[in-house]
Engineer: 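I'd like to ask some things about the structure below.
FYI, the numbering just counts along the sequence from 1. Note that these values count all heavy atoms, side chains included, but never hydrogens, waters or copies made by symmetry.
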Amino acid sequence: MAAGDSFSVTTPIFYVNDAPHIGHAYTEVAADVLARWHRQSGVDTWSLTGTDEHGQKILRTAVANGVTPKEWADKLVADAWVPLLQTIDIANDDFIRTTEERHESVVQQFLQKLYDDGLIYDGEYEGYYCVGCEEYKQPSDLVDGSGEFEGQYVCPIHGRPVEVLKEKNYFFRMSRFQQRLLDLYESQPDFIQPDSLRNEIVSFVRRGLDDLSISRQSFDWGVRVPWDDKHVVYVWFDALINYISALGWNPEQPGELFDRFWPSNHIVGKDIARFHAVIWPAMLMAADLPVPRRVFGHGWLLVGGEKMSKSKLTGIAPSQITDVFGSDAFRYYFLRAIAFGQDGSFSWEDLAARYQAELANGFGNLASRVVAMVGRYCDGVVPEAGPLGEAEAGIQRTVADAVVAATAAIDRFAIHDSIAAVWSIVDELNGYLTVQEPWKVAKDESQTERLRTILYTAAEGLRALAVLLSPVLPQATQKLWTALGAEPHLGALVDQRIPDAGEWEQLPAGARTQALEALFPRIEHEATA
Ligand SMILES: [Zn+2]
């Protein structure tokens with residue numbers, strides 16, 4: 001990437017209606033790995049997450065719990081959503097809440113601009129609304145109810161009847177943007193990824209776009225429409241604006257952060273891709289603002305073959321996993337085991353098996369063995385290498401190739417491919433030690449130089465691994481960095497540049513190693529759901 005480039009990534013802002021489950025945490029760690037990778041590549045980087053706090057569903061939940069909606073949101077943010085970020089080790093730059101003044105005022109200014117430009121009109125909405133989805137529904141989106149819901153239209157996502165709405169609403173002239181959206185999808189083919197999702201959205205827009213009802217007046221928990229305070233802004237229209245309100249945009253003064261970091265890359269679940277890839281760019285076009293850089297819809301997590309969601313009561317709390325396996329394992333497992341963009345099945349057995357085989361036996365054991373041998377055979381000082389042979393050249397090539405392949409994969413958000421590329425170093429180094437047998441070489445005093453060469457090569461390979469795996473495994477790689485004695489010579493791990501990770505002989509001979517506790521300790525208790 002050229003100097004001066006920036007990278008900005010967002011998660012959806014999460015609805016504060018309930019506690020976080022592993023689906024939310026999956027989105028967070030994916031965005032976080034992309035952000036950390038870019039930061040460590042020397043790219044000016046910004047990552048944003050937050051909470052969506054308006055709308056009828058939250059109002060009803062708060063009332064049912066005997067508190068105001070703001071009290072309800074404050075409690076969920078403090079007790080659940082902010083702690084989630086610590087549970088899974090997220091290094092976000094900002095956290096925005098849609099009830100903050102900095103957001104609400106921007107929503108009003110954005111809306112006023114569209115109103116002044118004739119892109120909003122008043123009309124009457126008559127149709128269906130799912131409060132669970134906070135979405136207007138067409139009859140074709142719905143299914144016929146059965147049993148207690150016989151004779152009613154039911155939302156297939158929530159399994160509950162939709163409400164019939166008849167209200168005077170304000171409408172956004174979204175239909176005007178149909179052709180411009182199709183032109184965007186055509187001219188910027190990676191605007192929506194993966195391709196399967198892109199195809200779905202393109203055919204949806206080709207069928208024609210209606211204008212969008214963007215206000216409600218039957219309840220009052222939302223941002224007031226600035227010219228008509230009987231109305232509150234439709235919760236999605238309000239929420240999407242967070243991506244620019246957090247950057248300090250307003251119509252008079254876009255602001256320094258907006259100039260630096262917009263357009264962003266939006267990571268979303270595929271079920272809300274339509275809001276991000278249709279409504280949001282149409283809103284931005286209406287306001288004469290650049291559309292997002294990319295909308296990437298990841299797949300669903302399947303548990304026992306079913307989509308995991310809180311409404312189906314199969315939600316698993318992220319802490320259930322991190323309490324047993326740690327946050328690094330959580331991050332690694334979901335990003336390695338599931339091709340990013342496709343659906344993936346979660347099972348405790350698969351998680352436990354990968355933890356043991358890949359993290360504990362593969363990477364963790366490699367790190368422990370090498371650090372222990374430098375301790376035992378070289379008095380805890382990284383040795384000077386002698387002449388390098390073909391095997392050592394092979395390790396150097398593997399590392400250099402991994403940097404290139406992993407970077408290319410990250411550029412297309414193929415996080416799983418990126419980790420796999422870096423993991424080739426783990427496998428090659430383990431194979432190298434098996435063939436070179438340094439523990440045998442150590443017994444032959446005439447081969448001291450050869451032993452030093454082998455151990456230097458292994459330690460230097462670990463130096464590269466620590467740098468390249470730091471975005472995914474921030475805690476384990478920090479322990480390894482400390483154990484290698486790298487910090488006094490090379491500086492902090494997070495300041496190591498990924499594009500330079502393949503340059504050989506960075507870890508200096510003479511660096512003093514320290515004992516390394518097991519990076520991925522054996523799990524004593526069988527984890528079960
Ligand atoms: Zn629904």
Side-chain angles (χ1 to χ4, degrees), residues 1 5-14 27-28 30-32 34-35 37-38 43-50 52 92-94 96 98 103 106-107 110 113-114 172 174 177-202 204-205 209 212 236-251 254-255 257-298 340-341 410-415:
M1 268 176 228
D5 276 0
S6 71
F7 178 80
S8 165
V9 65
T10 69
T11 71
I13 47 172
F14 295 109
T27 315
E28 288 280 352
D32 188 58
L34 293 171
W37 184 281
H38 284 86
V43 177
D44 193 21
T45 299
W46 177 259
S47 70
L48 174 69
T49 189
D52 182 4
N92 53 307
D93 292 293
D94 197 1
I96 189 157
T98 55
H103 173 74
V106 169
V107 171
F110 189 99
K113 177 173 162 63
L114 267 50
F172 166 48
M174 191 163 71
F177 297 91
Q178 180 184 2
Q179 192 53 49
R180 281 183 65 188
L181 286 168
L182 290 171
D183 293 346
L184 165 68
Y185 308 149
E186 183 76 29
S187 67
Q188 201 177 312
D190 69 351
F191 176 74
I192 308 165
Q193 284 292 300
D195 284 339
S196 54
L197 186 62
R198 176 177 184 273
N199 296 339
E200 195 186 306
I201 301 252
V202 169
F204 170 77
V205 174
L209 286 182
L212 180 70
W236 267 105
F237 199 92
D238 159 2
L240 288 162
I241 293 173
N242 93 86
Y243 299 126
I244 60 172
S245 68
L247 292 171
W249 176 87
N250 72 59
L257 281 177
F258 182 83
D259 286 343
R260 242 167 96 191
F261 293 115
W262 187 258
S264 292
N265 295 273
H266 298 318
I267 306 295
V268 300
K270 65 181 176 181
D271 49 339
I272 56 168
R274 222 185 258 182
F275 295 96
H276 288 81
V278 181
I279 297 177
W280 178 226
M283 287 165 63
L284 290 161
M285 287 168 178
D288 286 322
L289 293 171
V291 299
R293 170 69 193 83
R294 186 183 293 185
V295 175
F296 193 100
H298 67 69
F340 196 56
I410 287 288
D411 285 345
R412 50 176 210 280
F413 291 8
I415 303 172

Engineer: Provide the closest heavy-atom pair for L182 versus V202 in the form atom of the first, atom of the second, distance.
Structural biologist: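 Closest heavy-atom pair between L182 and V202: CD2-O, 4.0 Å.
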Engineer: Can a donor-acceptor pair be found, under 3.5 Å and without considering hydrogens, that links the side chain of T98 to the backbone of A239?
Structural biologist: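 A pair under 3.5 Å: no.
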Engineer: State, with a plain yes or no, whether a side-chain heavy atom of I267 is found less than 4.5 Å away from one of E28.
Structural biologist: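 Answer no - side chains too far apart.
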Engineer: Just so I know, are the side chains of H103 and D238 near enough to count as touching, which here means a heavy-atom distance under 4.5 Å?
Structural biologist: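 Yes, their side chains come closer than 4.5 Å.
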Engineer: Just do the side-chain contact (heavy atoms from CB on, under 4.5 Å) check on F110 and W249 with the steps written out, would you?
Structural biologist: CA-CA 10 Å; F110 189 99; W249 176 87; 3.8 Å; yes
Engineer: Set out, in order, the CA-CA distance, both residues' side-chain angles and the distance that settles side-chain hydrogen bond (donor to acceptor under 3.5 Å, both in side chains) for Q193 and D195, then state yes or no.
Structural biologist: CA-CA 5 Å; Q193 284 292 300; D195 284 339; 3.1 Å; yes
Engineer: Side-chain contact, heavy-atom cut-off 4.5 Å: D94 with W46?
Structural biologist: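 Yes. Closest side-chain heavy atoms under 4.5 Å.
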Engineer: Side-chain contact test, heavy atoms from C-beta onward, threshold under 4.5 Å: evaluate it for N242 versus T10 and give yes or no.
Structural biologist: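 Of all side-chain heavy-atom pairs linking T10 with N242, none is under 4.5 Å.
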Engineer: Distance check, rounded to the nearest 0.5 Å: Y185 atom OH versus I192 atom CD1?
Structural biologist: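 Output value for this atom pair is 4.5 Å.
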Engineer: Is a donor on one side and an acceptor on the other found under 3.5 Å between the side chain of R198 and the backbone of P189?
Structural biologist: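 Yes; at least one donor-acceptor contact below 3.5 Å.
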Engineer: Once salt bridge (charged side-chain N to carboxylate O under 4.0 Å, His left out) is applied, what residue pairs with a partner in residues 262-273 remain, sequence neighbours excluded?
Structural biologist: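 Every pair satisfying salt bridge (charged side-chain N to carboxylate O under 4.0 Å, His left out) with a residue in residues 262-273: K270-D343, D271-K307.
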Engineer: At their closest point, which heavy atom of D44 faces which heavy atom of R260, and how far apart are they?
Structural biologist: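 It is OD2-NE, 2.9 Å.
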Engineer: Taking side chain as C-beta onward, heavy atoms only, is N250 less than 4.5 Å from F258?
Structural biologist: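 No, too far: nothing below the 4.5 Å cut-off.
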Engineer: Walk me through it: do R274 and F204 pass the test side-chain contact (heavy atoms from CB on, under 4.5 Å)?
Structural biologist: CA-CA 9 Å; R274 222 185 258 182; F204 170 77; 3.2 Å; yes
Engineer: If you round to the nearest 0.5 Å, how far is OG1 of T27 from CG of D32?
Structural biologist: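 Reported value, rounded in 0.5 Å steps: 12.0 Å.
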Engineer: Side chains of I410 and H38: does their closest heavy-atom pair fall under 4.5 Å?
Structural biologist: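 Yes, side chains in contact.
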Engineer: Roughly how far, to the nearest 0.5 Å, is the CD atom of Q179 from the CG atom of L184?
Structural biologist: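 If I round to the nearest 0.5 Å, the distance is 11.5 Å.
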Engineer: Under the side-chain contact (heavy atoms from CB on, under 4.5 Å) criterion, do D93 and L48 qualify, and how do the steps go?
Structural biologist: CA-CA 6 Å; D93 292 293; L48 174 69; over 6 Å; no
Engineer: If you measure from CZ on F275 to CG on L240, what distance do you get to the nearest 0.5 Å?
Structural biologist: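 Reported to 0.5 Å precision, the distance equals 8.0 Å.
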Engineer: Provide the closest heavy-atom pair for G341 versus P194 in the form atom of the first, atom of the second, distance.
Structural biologist: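 Answer, listing the atom of G341 first, then P194: O-CG, 3.8 Å.
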Engineer: Please report the C-alpha distance between Q188 and R294 in whole Å, then the side-chain angles of each, then the deciding distance to 0.1 Å, and finally whether the side-chain contact (heavy atoms from CB on, under 4.5 Å) criterion is met.
Structural biologist: CA-CA 9 Å; Q188 201 177 312; R294 186 183 293 185; 6.0 Å; no
Engineer: So F296 and F340, would you call those rings parallel, tilted or perpendicular, with 30° and 60° as cut-offs?
Structural biologist: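 Parallel, since the angle between the ring planes stays under 30°.
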Engineer: Would you say that N265 contacts L34 through its side chain, given a criterion of any heavy-atom pair below 4.5 Å between the two side chains?
Structural biologist: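 No. Closest side-chain heavy atoms not under 4.5 Å.
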Engineer: How many angstroms lie between CZ in F261 and CG in L247, if you round to the nearest 0.5 Å?
Structural biologist: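 Between atom CZ of F261 and atom CG of L247 there are 8.0 Å.
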Engineer: Sequence neighbours left out, what passes side-chain contact (heavy atoms from CB on, under 4.5 Å) with A35? Give chain and number order.
Structural biologist: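 Partners of A35 by the side-chain contact (heavy atoms from CB on, under 4.5 Å) criterion, ordered by chain and then number, come out as V9, R39, T45, S47.
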Engineer: Considering only distance and modelled atom types, tabulate donor-acceptor pairs under 3.5 Å from the side chains of residues 276-292, sequence neighbours left out.
Structural biologist:
from: H276; atom 1: ND1; to: I272; atom 2: O; distance (Å): 3.0
from: H276; atom 1: NE2; to: Y243; atom 2: OH; distance (Å): 2.7
from: W280; atom 1: NE1; to: H266; atom 2: NE2; distance (Å): 3.1

Engineer: Between CZ of R293 and CH2 of W262, what distance do you get to the nearest 0.5 Å?
Structural biologist: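 Separation between the atoms: 12.0 Å.
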Engineer: Going by heavy atoms in the side chains, are W37 and V43 under 4.5 Å from each other?
Structural biologist: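 A side-chain contact under 4.5 Å is absent here.
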